[in-house]
Amino acid sequence: MTKKVDRILEQLETLYPDAVTELHFETPFQLLVATMLSAQCTDRRVNMITPRLFGRYPDAAQLSAAPVESVEELIRDCGLFHTKARNIVKTAQILVEQWAGAVPEDRERLMTLPGVGRKTANVVVANAFGQDAIAVDTHVFRVAHRLGWAKAKDPDGTEEELMRIIPKRKWSQAHHWLILHGRRVCVARNPLCGECALVKDCARIGVAPAPTRKKVPVV
DNA sequence: ATCCCGAGGG
DNA sequence: CCCTCTGGAT
């Protein structure tokens with residue numbers, strides 16, 4: 001098992017050598033906000049609106065005093081904007097009141113902020129503070145399960161399984177590798193198993209093929 | 001129609 | 001466990 005995992009990790013590293021966040025940010029606070037915005041929204045779109053958002057409200061102090069409607073307007077294109085705007089402003093206020101406008105560097109404290117769940121907290125500690133963490137989003141969840149690396153029904157259990165199976169120093173990169181692979185090859189609908197470099201070590205081998213529309217046959 | 005690097009509430 | 005919130009892309 002570990003042997004197969006190692007092989008796949010090596011392959012993924014070869015396939016996606018430039019595994020870094022696509023989110024644009026200058027400070028931990030901006031990464032936190034950008035990640036909150038990225039829910040149900042592509043990174044590309046987040047990056048399209050953050051220059052204007054951070055141009056007007058560059059830090060927690062500015063954002064904490066911003067009218068929610070003003071933030072809603074600036075982030076509208078990212079969807080879920082009522083909740084996101086309210087959470088972002090409230091989070092900025094808490095940061096200012098409790099941490100002098102700084103972003104806490106540990107995941108547990110981050111998760112106490114409104115709109116910040118485990119996934120967002122993991123992205124922030126990994127990409128802003130260089131900690132080892134595996135943020136389990138929809139792609140990581142799907143690919144990990146198809147590879148046979150996780151059985152858990154929820155992201156939290158999946159994260160634990162992945163942390164056990166992947167060497168700690170590779171956690172953060174593995175997170176990006178699985179996302180990239182999930183977006184480009186191991187897509188939700190009709191995975192491109194015919195173009196996948198990992199098929200030989202994938203648990204889906206031998207499993208009944210999923211109904212395929214017109215694309216590459218599944219497994 | 002379905003999905004996007006989710007989170008909170010019931 | 002389920003549901004809802006949102007616009008844009010495909």
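Chain letters run A, B, ... following the sequence lines, proteins first and then strands; every chain starts at 1.
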Heavy atoms from C-beta onward define the side chain here; which of [options] lies closest to that of [X]?
X      : options             : value
A/I179 : B/dC5, B/dC4, C/dG7 : B/dC5
A/F81  : C/dG7, B/dC5, B/dT2 : C/dG7
A/H82  : C/dT6, B/dC5, B/dC3 : C/dT6
A/T83  : C/dT6, C/dA9, B/dC5 : C/dT6
A/R45  : B/dC4, C/dG8, B/dC3 : C/dG8
A/L80  : B/dC5, B/dG6, C/dG8 : B/dG6
A/K153 : B/dT2, C/dC1, C/dG8 : C/dC1

Once you round it to whole Å, what is the distance between P of C/dA9 and CD1 of A/I49?
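Rounded to whole Å, this separation is 14 Å.
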
Please measure how far the [atom1] atom in [N] lies from the corresponding atom in [M], and state the result in whole Å.
N     : M      : atom1 : answer
B/dC3 : C/dC3  : P     : 15 Å
B/dA7 : C/dG8  : P     : 22 Å
C/dT6 : B/dG10 : P     : 16 Å

Restricting to pairs with a member in residues 10-28 of chain A, which pass salt bridge (charged side-chain N to carboxylate O under 4.0 Å, His left out), not counting sequence neighbours?
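As it turns out, the salt bridge (charged side-chain N to carboxylate O under 4.0 Å, His left out) pairs with a partner in residues 10-28 of chain A, which skip direct neighbours, are A/E22-A/R183.
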
Donor-acceptor pair, A/K84 side chain versus A/A39 backbone, under 3.5 Å?
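Checked: pair present.
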
